[in-house]
Amino acid sequence: MAFVDRITILVLLALCDQCFMNVEINVHKLKVAQHIGPKYVGVTIDSSAVRKQWGNIDFKSPKFLTLAKGLAPNFLRVGGTDCDFLIFNKTTTPMNGIIDKPKTHTNFTMTVAEWDQLNNFVSEVGWDLIFDLNVFLRKDGRWDPTNAIELLKYTIEKGYKPAAYELGNELDVFRDFNVTAREVAPDFAHLKQLLSSMPELAPYFILGTDAGTVENRSVTFMSEFFEAGGGASIDVATFHHYYMSSESATTEKFHSVTVLESLRPMLINVINLCKRFIPTKQVWLGETSSSYGGGAHEISDRYVASFLWLDKLGVSSVLGIQGVLRQTFYGGNYGLINSNLDPNPDYWLTILFKRLVASPVFTVPQPPNPDLRMYAHCTNTNSSMGYTTGSVTIYLLNLGNTTVPVDVPDMVNKTHHIYMFSPGDDSGLTSKSIKLNGVVLALTNDNELPPLKPVIGQGNIQVEAYNMGYIVFPGAMRPECV
Ligand SMILES: *[C@@H]1O[C@H](CO)[C@@H](O)[C@H](O)[C@H]1NC(C)=O
Ligand SMILES: *[C@@H]1O[C@H](CO)[C@@H](O)[C@H](O)[C@H]1NC(C)=O
Ligand SMILES: *[C@@H]1O[C@H](CO)[C@@H](O)[C@H](O)[C@H]1NC(C)=O
Ligand SMILES: *[C@@H]1O[C@H](CO)[C@@H](O)[C@H](O)[C@H]1NC(C)=O
Ligand SMILES: *[C@@H]1O[C@H](CO)[C@@H](O)[C@H](O)[C@H]1NC(C)=O
Ligand SMILES: *[C@@H]1O[C@H](CO)[C@@H](O)[C@H](O)[C@H]1NC(C)=O
Ligand SMILES: *[C@@H]1O[C@H](CO)[C@@H](O)[C@H](O)[C@H]1NC(C)=O
């Protein structure tokens, strides 16, 4: 008897091994979880680029413009630590070819020419600018808006229309400068009042406080800001997130379930806080990437970084985050494009996210196999991909080294469009390039992006080791997907 039982258990275990590996999703049974906007994914350029007088960025480069246009519609946030040392100067001109050796935590100038270049660039590529104003310009313990007024008056004169403003950056992290949450709350009220006195700038919105996350002190900072009444002066609550420091980054951590899952409780924590104080306002990841301190060399700019990025977009959207600003478009090891202005793997992932993924967001139960992570949204019907209403896009990541079969029982008789990414060369996870459906992606010429075509098929789907990608079901006929 006991012997038979043991055999039965062994047989069941063997069968169960199968059912643990197989992942199933029913497109018709998905429940709507959240709604996101068409500019859910945005990018940043760090204010330190202004200190470097834009460094290698060439706003006239056809390649740079092509890559930027590919991401439109898109928010560009220019902010970061250096925003609190940036002083607009209407009278200085760029020193011909002389670039001051960049020094951290010292004041520097943004010239008229630099502000013009930035505004002309966003306008040319169809992006919307979010600009972070300097909160360290202070007088008697309060923000001194004199320099901001100069910048805003010039902005009106030129007819520029930044979409949004911020004030200060990660004050909870840069505590040496002693600007507290209680002090900055009235500063935001001052900014709100100042902007409303300049109707030419409308429409615009205000984001704050750009608390740095990682530790609970950011949540404390945000909560003190709200308690001091700061919530009334912002339209969008922002905070920052990095999974780890660049010094402690490893390839393994970049596709570890534990690391990926570390984001969820932090988001829930901040979302709950915001629900309590500002229930009607949006919450954004106002600056976010894989690892802080510029990104990890030969990790943050490689194929493996795409796991952290795609998963962050998924977890954030399903929990109700309304905007994710990727640090950075250009700059550091975590740029979507590298220092030669060529796209890194995350660029391609981002462009397809924008073209294929829209609102609403559906809840997808986490598959029994923890290596396979999966998200579902309505398909974007307003992009060059030409999908029509009713279509559903799922995106999935296989963190592990074995193929995972995915069954979609209610779609077996309909075609699906697969956009599957894999490492671009033999270095595997640390590959510099990325393949889409088996073909390495690269710009073939500076004036247009290569076609990003799906493999059209039917039936069950095999997600190979370390692959990730998007699957569109054009025949899903979900009524929510209009
Ligand atoms: C701008 O620069 C000029 C000279 O370079 C200086 O005299 C002036 O004080 C500066 N203005 C601001 C607002 O820093
Ligand atoms: C930057 O300039 C402002 C205004 O002149 C001054 O109050 C502040 O101390 C300066 N900051 C640094 C780090 O030099
Ligand atoms: C911040 O405050 C501390 C003590 O509270 C003081 O020692 C320090 O000098 C202050 N820093 C600045 C930049 O004002
Ligand atoms: C810190 O935040 C996490 C959520 O990110 C929470 O689970 C934990 O209890 C907090 N710790 C403290 C000491 O408040
Ligand atoms: C479609 O996208 C274009 C370009 O981003 C935008 O101007 C337009 O408002 C969008 N249409 C709808 C219906 O969302
Ligand atoms: C696959 O990954 C597991 C850990 O998840 C490891 O134990 C195993 O050695 C790996 N196999 C190969 C072929 O790399
Ligand atoms: C798919 O087609 C087969 C054969 O026509 C049919 O038996 C099955 O019920 C269909 N499945 C679905 C989900 O429509």
Side-chain angles (χ1 to χ4, degrees), residues 24-30 35-43 50-51 53 68-76 82-96 98-100 106-115 122-129 133-134 136-139 143-155 161 163 203 323 350-360 377-392 406-416 449 457-461 473-478 480-482:
E24 191 178 291
I25 179 169
N26 277 288
V27 170
H28 284 138
K29 288 192 190 143
L30 297 168
H35 294 266
I36 54 170
K39 284 182 249 177
Y40 169 71
V41 190
V43 298
V50 185
R51 185 193 285 279
Q53 300 175 359
K69 278 181 194 156
L71 297 179
N74 188 47
F75 284 114
L76 169 67
D82 266 339
C83 84
D84 290 322
F85 301 93
L86 180 154
I87 298 175
F88 176 64
N89 194 317
K90 234 182 126 168
T91 53
T92 37
T93 48
M95 295 161 288
N96 291 328
I98 305 165
I99 297 176
D100 275 347
T106 56
N107 285 335
F108 65 98
T109 295
M110 178 171 74
T111 62
V112 162
E114 283 153 0
W115 185 238
V122 292
S123 149
E124 180 169 357
V125 299
W127 289 8
D128 291 302
L129 180 64
L133 296 162
N134 184 339
F136 286 174
L137 294 173
R138 310 189 70 74
K139 208 188 250 172
W143 179 50
D144 176 359
T146 312
N147 196 249
I149 292 169
E150 222 178 296
L151 176 68
L152 294 173
K153 283 198 169 148
Y154 177 76
T155 301
K161 284 271 168 63
T350 308
I351 201 164
L352 269 182
F353 190 97
K354 282 173 169 272
R355 290 185 185 181
L356 297 176
V357 178
S359 193
H377 295 226
C378 286
T379 304
N380 186 358
T381 55
N382 186 23
S383 85
S384 58
M385 309 310 277
Y387 289 109
T388 53
T389 57
S391 312
V392 166
V406 174
D407 299 343
V408 195
D410 59 358
M411 290 285 127
V412 281
N413 296 335
K414 306 217 163 150
T415 54
H416 52 233
L449 296 173
Q458 204 172 327
N460 295 335
I461 295 152
F473 296 97
M477 296 195 294
R478 286 293 304 239
E480 301 88 343
C481 299
V482 293

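Ligands are counted one by one from 1 in listed order, and the atoms in each one are counted from 1 as well.
Atom 9 (O) of ligand 7 is never approached by the protein to below 4.0 angstrom, counting heavy atoms only. Counting only heavy atoms, the protein gets under 4.0 Å from atom 2 (O) of ligand 7.
The protein heavy atom nearest to atom 13 (C) of ligand 7 is Pro409 O, 3.5 Å.
The distance from ligand 1 to the heavy atoms of Thr92 drops below 4.0 Å at these ligand atoms: 2 (O), 4 (C), 5 (O). The atoms of ligand 1 that sit less than 4.0 Å from any heavy atom of Thr91 are 1 (C), 2 (O), 3 (C). The atoms of ligand 5 that sit less than 4.0 Å from any heavy atom of Pro73 are 5 (O).
Residue Asn382 holds the heavy atom nearest to atom 12 (C) of ligand 5 of all those in Val482, Asn382, Asn74.
Checked against a 3.5 angstrom limit, the closest N/O atoms of Asn413 and ligand 7 fall inside it. Backbone and side-chain nitrogen or oxygen atoms of Asn89 are examined, and one is located within less than 3.5 angstrom of a nitrogen or oxygen of ligand 1.
No side-chain donor-acceptor contact under 3.5 Å links Thr109 to the backbone of Thr111. Using modelled atom types, one side-chain atom of His377 and one backbone atom of Ala358 make a donor-acceptor pair closer than 3.5 Å. For the pair Lys354 (side chain) and Val41 (backbone), a donor-acceptor distance under 3.5 Å is present.
Relative orientation of the Phe136 and Phe85 rings is perpendicular, given thresholds of 30° and 60° on the angle between their planes.
Counting heavy atoms from C-beta on, the side chains of Leu356 and Tyr387 come closer than 4.5 Å.
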